[in-house]
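Notes follow the structure.
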Number of protein chains: 2
Amino acid sequence: MTPSRSEEKPRGRGRPRAFDREAALAEATRLFWTKGYEATSIADLTEAMKIGSPSLYAAFGSKEALYAEALDYYRRHYDALVWTNFTSADTAREAVRALLMDSAAALTGAVVEVPCGGCMVTLSTVGSEGHAELGELVHSARSASIGRVKVRLERAVAEGEIPGTTDIHALTRYIQTVQNGMSLLARDGVSCGELRKVAEVAMLSWDAYMGSPAEPVPELT
Amino acid sequence: MTPSRSEEKPRGRGRPRAFDREAALAEATRLFWTKGYEATSIADLTEAMKIGSPSLYAAFGSKEALYAEALDYYRRHYDALVWTNFTSADTAREAVRALLMDSAAALTGAVVEVPCGGCMVTLSTVGSEGHAELGELVHSARSASIGRVKVRLERAVAEGEIPGTTDIHALTRYIQTVQNGMSLLARDGVSCGELRKVAEVAMLSWDAYMGSPAEPVPELT
DNA sequence: GAATTTATATAACGATCGATGCAGAAATCT
DNA sequence: AGATTTCTGCATCGATCGTTATATAAATTC
């Protein structure tokens with residue numbers, strides 16, 4: 001096996017780069033996240049990353065490759081905000097509730113600062129803009145999200161938490177719809193509190209569908 | 001007053017234009033709708049509209065002005081698909097249900113053909129792309145939509161259909177969230193049938209919130 | 001008919017697009 | 001040390017961006 005410790009900084013031969021690659025990538029992510037792929041120019045990027053264009057191309061290859069890395073940076077730094085409590089929840093209901101509540105917070109920047117409201121993956125339009133390869137990337141990222149929810153619901157059926165007659169696919173699509181819709185609202189500046197109320201209302205469908213109002217109708221304070 | 005009948009075709013003096021302005025506008029709308037503002041170039045437009053660039057600028061003024069007209073064209077031709085049954089419904093519940101169901105159909109092109117899934121206004125990112133003026137335009141269009149729902153809910157309170165303690169703002173945001181989320185799913189190719197199921201599940205929250213399961217839990221067939 | 005007005009076709013404008021060639025600078029390797 | 005490798009700054013590449021000047025064509029008005 002390759003020596004696993006300290007994969008970075010084998011300290012290559014030539015002149016070392018003068019900028020922090022990860023910090024530059026963070027800036028690129030911020031720009032792509034905010035303005036989208038097409039509206040972000042190389043000039044925008046080099047200015048924000050404070051490097052020359054040859055350095056950008058040497059370090060990242062191309063604008064498309066940089067966008068792909070920015071998507072990965074986004075995933076590495078922001079996915080946990082939304083999926084940690086989902087994963088550790090004891091029941092599917094609590095997992096879904098946590099997903100929506102944590103989304104409300106994460107998408108509005110209530111927990112860690114964000115360059116703009118909404119999810120970079122959800123709101124990406126790079127696929128429609130004529131970049132099929134990047135479009136596939138964001139599409140598969142979205143599929144992974146809905147897949148996580150679906151797996152959790154299937155587990156809930158297997159564990160007897162929810163009835164076997166549950167239309168898991170429809171319910172998963174519903175949850176995805178609510179989360180996606182919250183991204184658009186967050187992009188328009190809607191607050192975390194409002195989105196939490198939305199999540200609260202959305203969960204009423206869960207309880208109604210399962211026929212078990214596990215809690216009284218909330219006050220939406 | 002000016003002679004109101006036949007506002008178009010006063011048959012001006014000079015050489016008449018050789019193309020159908022409305023048809024050309026339809027093509028422009030299709031392109032902006034599909035690819036977005038930044039990713040659509042003047043060359044794309046002149047090719048699809050089958051006119052030269054001077055004709056485009058003579059007829060529409062600029063790319064930004066053309067986008068604004070495309071938004072208006074979109075509104076004139078597609079708004080009714082979603083709001084007609086909403087307006088004529090007897091109850092707020094049926095109005096909201098019709099809005100979501102008709103959205104499921106309209107956004108997927110199940111009723112009239114569409115160039116791509118999703119709402120042109122909802123999914124527009126022109127505001128984030130650095131065009132503040134157009135951003136205001138789509139923002140106000142979104143506000144008008146949520147305003148319609150809110151007014152209908154307030155009327156429902158006044159008429160006694162729903163309790164006065166209803167958090168109308170939260171409920172309106174929830175409906176907007178679901179409709180917005182459906183646009184994103186439609187853009188990803190999700191079918192009308194799936195979106196109708198989502199609408200069905202979403203309506204469960206309404207009944208649960210109002211405490212009146214007016215209908216039994218649906219089968220989601 | 002001639003004069004006027006508007007639209008089209010061709011060509012091109014300056015600016016910016018994404019992407020590089022090149023020379024010098026800064027590191028490692030022998 | 002010298003040779004090699006890699007990164008940076010400057011300049012620039014051809015292509016495309018949104019937009020327009022110019023000349024010609026097609027209509028109306030007189």
Side-chain angles (χ1 to χ4, degrees), chain A residues 6 8-25 27-29 31-32 35-71 125-126 129-135, chain B residues 6-25 27-29 31-32 35-70 125-126 129-135:
Chain A
S6 174
E8 34 197 1
K9 309 258 177 175
R11 202 65 155 101
R13 283 225 275 176
R15 170 177 174 177
R17 75 165 50 94
F19 61 94
D20 183 340
R21 193 181 191 277
E22 198 72 358
L25 182 54
E27 283 300 303
T29 303
L31 271 183
F32 281 135
K35 305 183 58 175
Y37 182 80
E38 284 287 335
T40 303
S41 69
I42 298 291
D44 291 335
L45 291 164
T46 55
E47 183 187 10
M49 301 162 84
K50 273 173 283 194
I51 60 176
S53 43
S55 297
L56 189 155
Y57 282 89
F60 300 101
S62 70
K63 188 185 176 185
E64 294 207 354
L66 176 56
Y67 186 84
E69 278 213 56
L71 277 177
T125 60
V126 72
E129 287 170 345
H131 302 265
E133 212 157 321
L134 294 177
Chain B
S6 176
E7 288 209 19
E8 33 198 0
K9 309 258 176 176
R11 202 63 155 102
R13 284 226 273 177
R15 171 178 174 177
R17 75 163 51 94
F19 63 93
D20 183 340
R21 192 182 192 278
E22 198 72 358
L25 182 55
E27 282 301 304
T29 303
L31 270 183
F32 281 135
K35 305 182 59 176
Y37 181 80
E38 284 287 336
T40 303
S41 69
I42 299 291
D44 292 335
L45 291 164
T46 55
E47 183 187 10
M49 302 161 84
K50 273 172 282 193
I51 60 177
S53 43
S55 297
L56 188 156
Y57 280 88
F60 300 101
S62 70
K63 187 186 177 185
E64 293 208 354
L66 176 57
Y67 186 84
E69 279 214 55
T125 58
V126 71
E129 287 171 344
H131 302 264
E133 212 158 321
L134 294 176

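Bear in mind the structure is a predicted one, so any value in this text is a computation, not a measurement.
- Phosphate proximity of D:dC7 to A:S55: absent, as no side-chain N or O sits under 4.0 Å from OP1 or OP2.
- For the pair A:R21 CZ and D:dC7 C1', the computed distance is 14 Å after rounding to whole Å.
- Closest to the A:R17 side chain, of the nucleotides D:dT4, D:dC7, C:dA26, is D:dC7.
- Atom CZ in A:F32 sits 9.0 Å away from atom CG in A:L71 (nearest 0.5 Å).
- For the pair A:E129/B:E38, no side-chain contact is recorded, criterion being any heavy-atom separation below 4.5 Å from C-beta on.
- Looking at heavy-atom distances under 4.0 Å, A:A18 makes contact with sugar-phosphate atoms alone, never a base.
- With hydrogens and angles disregarded, a donor-acceptor distance shorter than 3.5 Å links the side chain of B:K63 to the backbone of B:Y37.
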Output side-chain donor-acceptor pairs under 3.5 Å for residues 45-58 of chain A, partner residues at least two apart or in another chain, one line each.
unit_1	atom_1	unit_2	atom_2	d
A:T46	OG1	A:I42	O	3.1
A:T46	OG1	A:A43	O	3.1

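- Within the nucleic acid shown, A:F60 has no heavy atom closer than 4.0 Å to any nucleic acid atom.
- On a pure distance criterion of 3.5 Å, a polar donor-acceptor pair joins the side chain of A:R15 and the base of C:dA25.
- Residue A:A59 comes nearest to A:E69 through the heavy atom pair O-OE2, 4.5 Å, listed as atom of the first residue, atom of the second, then distance.
- Atom CD1 of B:I51 is separated from atom P of C:dT10 by 14 Å (rounded to the nearest Å).
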Nucleotides 11-23 of chain D: protein proximity per nucleotide (B base, S sugar-phosphate only, - neither; heavy atom, under 4.0 Å): ------SSBBB--
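- Summarising the geometry, the separation between CG on B:L56 and C1' on C:dT6 is reported as 17 Å, rounded to the nearest angstrom.
- Distance CZ (A:F19) to P (C:dA26): 17 Å, rounded to an integer number of Å.
- Taking OG1 of B:T29 as the start and OH of B:Y67 as the end, the distance is 10.0 Å to the nearest 0.5 Å.
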